[in-house]
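Structure, as structure tokens:
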Amino acid sequence: HEGFDMSNLSDLLPAGAGGKQVDFVASGNLSNGQTVALKTNGQVEAVTSNTSSQYVPWSNLLTYRNQTTQKNSTVYNPLDPSRFITVFSSSGAQLIVGTVTDSGSSASVSYSSIVNITGNAVNDIIARFQPGTNKFLVMYQDDSGSKYGVLKLYTISGTTVSLQSTQNFDTGGNSGGLSIEPSTNTAGLFLLGYCPYNTGTYGRTRAVQVSGSSFTMGTEVVFESSRSANTAIAALSGADSFVMAFKNLGSGAAGTGEAFLITVSGTTVSPNSFTQFSTNTANGPAEIFAAGNVDTPNSFCITYRDDAAQAGSYQTVQAGSVSGTTVSFGTTVTVSSWYANNQGVIQSYGANKFLVAYDGQANGYGLYVRPITVSGTTITQGSQATLVAPNSGGGQYGAGYMSLGFSSNNAEFAVSFRGDSNYGNLRLGELSVTSYNNTSFIGITDAAISSGASGSVTIKGGISSNVTGLTANSTYYVQ
């Protein structure tokens with residue numbers, strides 16, 4: 001079977017085959033009437049579930065850069081759940097690839113050589129993969145010369161990273177509050193958010209379409225013609241639609257948190273009306289981060305440090321939903337009851353499941369994670385776990401710019417952050433997640449099959465006559 005993807009049934013059946021019983025080799029002992037899934041090697045295994053254990057932290061505290069490091073962004077390779085990239089600003093901008101070795105209750109990371117992105121000073125940087133591919137975009141603000149916003153397309157193979165294409169996304173200059181997210185619907189489509197200081201810090205957005213080894217950009221759109229900051233994007237599940245959140249610093253709305261729906265057709269972006277999610281105060285929300293709800297359409301969450309005087313600068317979370325072109329929010333939920341030194345981050349790791357990472361000033365700074373679940377716009381909090389314990393000596397563990405990336409298995413995650421001595425630090429965690437192989441369901445065994453032996457399976461579309469305990473005319477699910 002060399003050269004075939006054995007997870008495709010068509011590769012296993014002879015041309016014109018009309019039978020519904022096919023012989024397969026069993027991986028593990030299979031009982032009579034067992035629902036089975038097709039493996040990539042062409043064998044079949046029982047349809048099962050697997051629940052991983054939670055380990056937070058899962059690795060030692062790691063240093064990927066032993067020099068002053070500022071902004072950073074960590075994202076996993078969607079084609080390789082054991083590898084992630086971290087881009088960071090440190091006397092320029094760099095990139096490093098981490099490879100995770102899973103030892104059960106613990107894990108370790110080996111790092112590649114550092115790849116230089118630019119030798120120019122960089123104030124802000126973020127990276128995102130195109131889903132299901134080895135391509136990723138790096139977005140950063142070049143702080144030298146004309147201070148243009150730069151977008152670079154890379155590919156990764158193993159630990160080798162290759163630059164494919166470069167363009168300036170902003171020629172206004174000195175952009176901050178950068179954000180970028182890929183569409184969950186159209187392959188290669190991304191949305192950008194940014195606020196160029198040299199042109200009034202107006203909020204701006206544009207779409208980017210990756211094709212092959214290059215990309216094209218749509219027309220830039222000003223979504224707010226007054227001072228703006230801290231853009232954040234949530235990609236909505238199954239659509240070329242995004243929610244943009246930002247801090248509105250305009251006249252009469254200083255410090256207001258606003259959000260709105262953006263729809264994209266081709267590379268044309270269409271912003272809709274704003275919805276306020278935080279109170280109008282002198283400070284308001286700081287360092288907003290947003291995430292779309294995986295596999296749940298029109299649902300998302302945002303997190304931010306609420307700097308309103310009455311809010312105590314606590315890390316805050318709100319769930320949101322979209323109906324038509326209108327964005328609405330549930331009540332605010334605080335995930336910590338102490339001062340958050342910098343921004344928290346949030347990512348979805350399954351339908352209606354999110355993880356929030358945040359720091360806190362309690363006997364020194366610590367770094368924490370908390371799972372939450374969402375029903376509509378109602379949030380239920382899980383238990384807080386300590387990723388990095390507070391430093392009783394008053395150091396800066398966890399007290400800096402941070403990023404949260406999830407592996408494609410939706411259990412393993414990495415948090416990178418500016419840590420003690422302002423070095424680039426990272427730590428891994430693993431959540432308790434139940435996974436299933438039922439998406440590879442192929443059929444039902446016609447008899448018991450011993451591991452390694454060949455036996456008959458009635459495949460999808462056939463009639464199995466040896467399953468007992470079922471009620472006629474009832475619907476059953478493989479799970």
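Numbers for residues simply follow the sequence, beginning at 1. Source: prediction; values computed, not measured.
- Here the closest heavy-atom approach between residue Ile288 and residue Lys247 is recorded as CD1-N, 3.7 Å.
- The closest donor-acceptor contact from the side chain of Ser73 to the backbone of Ala127 lies under 3.5 Å.
- The one candidate from Tyr140, Phe417, Tyr64 that meets the ring pair (Phe, Tyr, Trp, His ring centres under 6.0 Å) condition with Phe88 is Tyr64.
- At least one donor-acceptor pair under 3.5 Å links the side chain of Thr275 to the backbone N or O of Val327.
- Legend: residues meeting side-chain contact (heavy atoms from CB on, under 4.5 Å) with Ser162, ordered by chain and number and at least two apart, are Thr155, Thr160, Gln164.
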Requested in this report: For Leu236 and Leu261, run side-chain contact (heavy atoms from CB on, under 4.5 Å): C-alpha distance rounded to whole Å, both residues' side-chain angles, the deciding distance at 0.1 Å, then the answer.
Outcome: CA-CA 10 Å; Leu236 299 182; Leu261 177 70; 3.9 Å; yes
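- With rounding to the nearest 0.5 angstrom, the CG atom of Asn168 is 10.0 Å from the NZ atom of Lys152.
- When ring centroids are compared, Phe246 and Phe277 stay outside the 6.0 Å threshold.
- At a threshold of 4.5 Å between non-hydrogen side-chain atoms, the residues Phe242 and Thr205 do not count as touching.
- Thr118 places a side-chain N or O within donor-acceptor distance of the main-chain N or O of Asn120, the cut-off being under 3.5 Å.
- The closest donor-acceptor contact from the side chain of Ser421 to the backbone of Tyr423 lies at 3.5 Å or more, if one exists at all.
- Arg206 places a side-chain N or O within 3.5 Å of a backbone atom of Gly218 that can act as its donor or acceptor partner.
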Requested in this report: Applying side chain to side chain donor-acceptor pair (under 3.5 Å), run through Ser59 and Arg427 and close with a yes or a no.
Outcome: CA-CA 6 Å; Ser59 72; Arg427 202 161 207 179; 4.8 Å; no
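- Tyr401 is not listed as a side-chain neighbour of Ile125, based on a closest heavy-atom distance of 4.5 Å or more.
- Nearest heavy atoms, Pro182 versus Phe129: CG-O, 3.6 Å.
- Contacts of Thr268 classified as side-chain contact (heavy atoms from CB on, under 4.5 Å), with partners at least two apart in sequence or in another chain: none.
- Side-chain N or O atoms of Thr316 include one that pairs as donor or acceptor with a backbone N or O of Tyr314 at under 3.5 Å.
- Counting non-hydrogen atoms of other residues, nucleotides and ligands closer than 6.0 Å to OH of Tyr197 gives a total of 12 or fewer.
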**Report entry** Thr186 vs Asp240, side chain to side chain donor-acceptor pair (under 3.5 Å): CA-CA, chis, key distance, verdict
**Finding:** CA-CA 7 Å; Thr186 297; Asp240 293 332; 2.7 Å; yes
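- Panel note: side chain Asn77, backbone Leu79; a donor-acceptor pair is recorded below 3.5 Å.
- Remark: Lys147 NZ to Asn174 CG distance equals 5.5 Å, nearest 0.5 Å.
- With sequence neighbours excluded, no residue satisfies salt bridge (Lys or Arg N to Asp or Glu O under 4.0 Å) with Lys353.
- The CG atom of Leu192 sits 10.0 Å away from the OG atom of Ser175 when rounded to the nearest 0.5 Å.
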Report task. Test side-chain contact (heavy atoms from CB on, under 4.5 Å) on Phe169 and Leu137 and set out the steps. Result -> CA-CA 12 Å; Phe169 67 84; Leu137 286 171; over 6 Å; no
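- Side-chain N or O atoms of Gln381 include none that pairs as donor or acceptor with a backbone N or O of Arg370 at under 3.5 Å.
- Residues meeting the side-chain contact (heavy atoms from CB on, under 4.5 Å) test with Ala385, sequence neighbours left out: Gln54, Val56, Val369.
- Considering only heavy atoms from C-beta on, Thr201 comes within 4.5 Å of Cys195 through its side chain.
- Residues Arg65 and Tyr111 form no side-chain contact, since every pair of their non-hydrogen atoms from C-beta on lies 4.5 Å or further apart.
- When only modelled atom types and interatomic distance are considered, Ser328 and Ser321 share a side-chain donor-acceptor pair under 3.5 Å.
- Between Gln67 and Ser91, the closest heavy-atom pair is OE1-OG, 4.4 Å.
- Ring orientation note: the planes of Phe260 and Phe274 are tilted relative to one another, at an angle of 30° to 60°.
- In this structure, OG on Ser211 lies 6.5 Å from NZ on Lys135, to the nearest 0.5 angstrom.
- One finds the CZ atom of Arg418 at 11.0 Å from the CG atom of Asn425 (value rounded to the nearest 0.5 Å).
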Report task. Applying side-chain contact (heavy atoms from CB on, under 4.5 Å), run through Phe329 and Ile302 and close with a yes or a no. Result -> CA-CA 10 Å; Phe329 288 91; Ile302 61 172; 3.7 Å; yes
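- Thr303 and Gln315 share a donor-acceptor pair across their side chains, judged by distance under 3.5 Å alone.
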Query raised in the report: Given Phe413 and Tyr349, is the ring pair (Phe, Tyr, Trp, His ring centres under 6.0 Å) satisfied, shown in steps?
Result: CA-CA 9 Å; Phe413 65 89; Tyr349 64 98; 8.5 Å; no
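- Contact record, Thr74 with Phe84: CG2-CD1, 3.8 Å, taken as the closest heavy-atom pair.
- Paired with Ser299 under the rule side-chain hydrogen bond (donor to acceptor under 3.5 Å, both in side chains), one option of Asn293, Asn352, Thr377 passes, and it is Asn293.
- In this structure, CG on Asn272 lies 12.5 Å from CE on Met244, to the nearest 0.5 angstrom.
- Two residues are said to be in side-chain contact when any heavy atoms from C-beta on lie closer than 4.5 Å; Asn409 and Tyr76 fail this criterion.
- Residues passing the side-chain contact (heavy atoms from CB on, under 4.5 Å) test with Ser265: none are found, sequence neighbours excluded.
- Minimum interatomic distance between Gly212 and Leu153 (heavy atoms only, all atoms of both residues): O-CD2, 4.1 Å.
- Looking at Ile180 and Leu151, their side chains come closer than 4.5 Å, going by heavy atoms from C-beta outward.
- For the pair Ser183/Val264, no side-chain contact is recorded, criterion being any heavy-atom separation below 4.5 Å from C-beta on.
- Using a 4.5 Å heavy-atom cutoff, the side chains of Thr99 and Arg83 are in contact.
- Closest of all the heavy-atom pairs between Pro78 and Gln130 is CG-O, 3.9 Å.
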Requested in this report: Give the intermediate values and the outcome of side-chain contact (heavy atoms from CB on, under 4.5 Å) for residues Val115 and Ile117.
Outcome: CA-CA 6 Å; Val115 177; Ile117 296 173; 5.5 Å; no
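- Looking only at distances, a side-chain donor or acceptor of Ser112 sits under 3.5 Å from a matching main-chain atom of Val97.
- In terms of the salt bridge (Lys or Arg N to Asp or Glu O under 4.0 Å) criterion, residue partners of Arg128 (sequence neighbours excluded) are, by chain and number, Glu181.
- At distances below 3.5 Å, at least one donor-acceptor pair connects side-chain atoms of Trp58 with backbone N or O atoms of Gly104.
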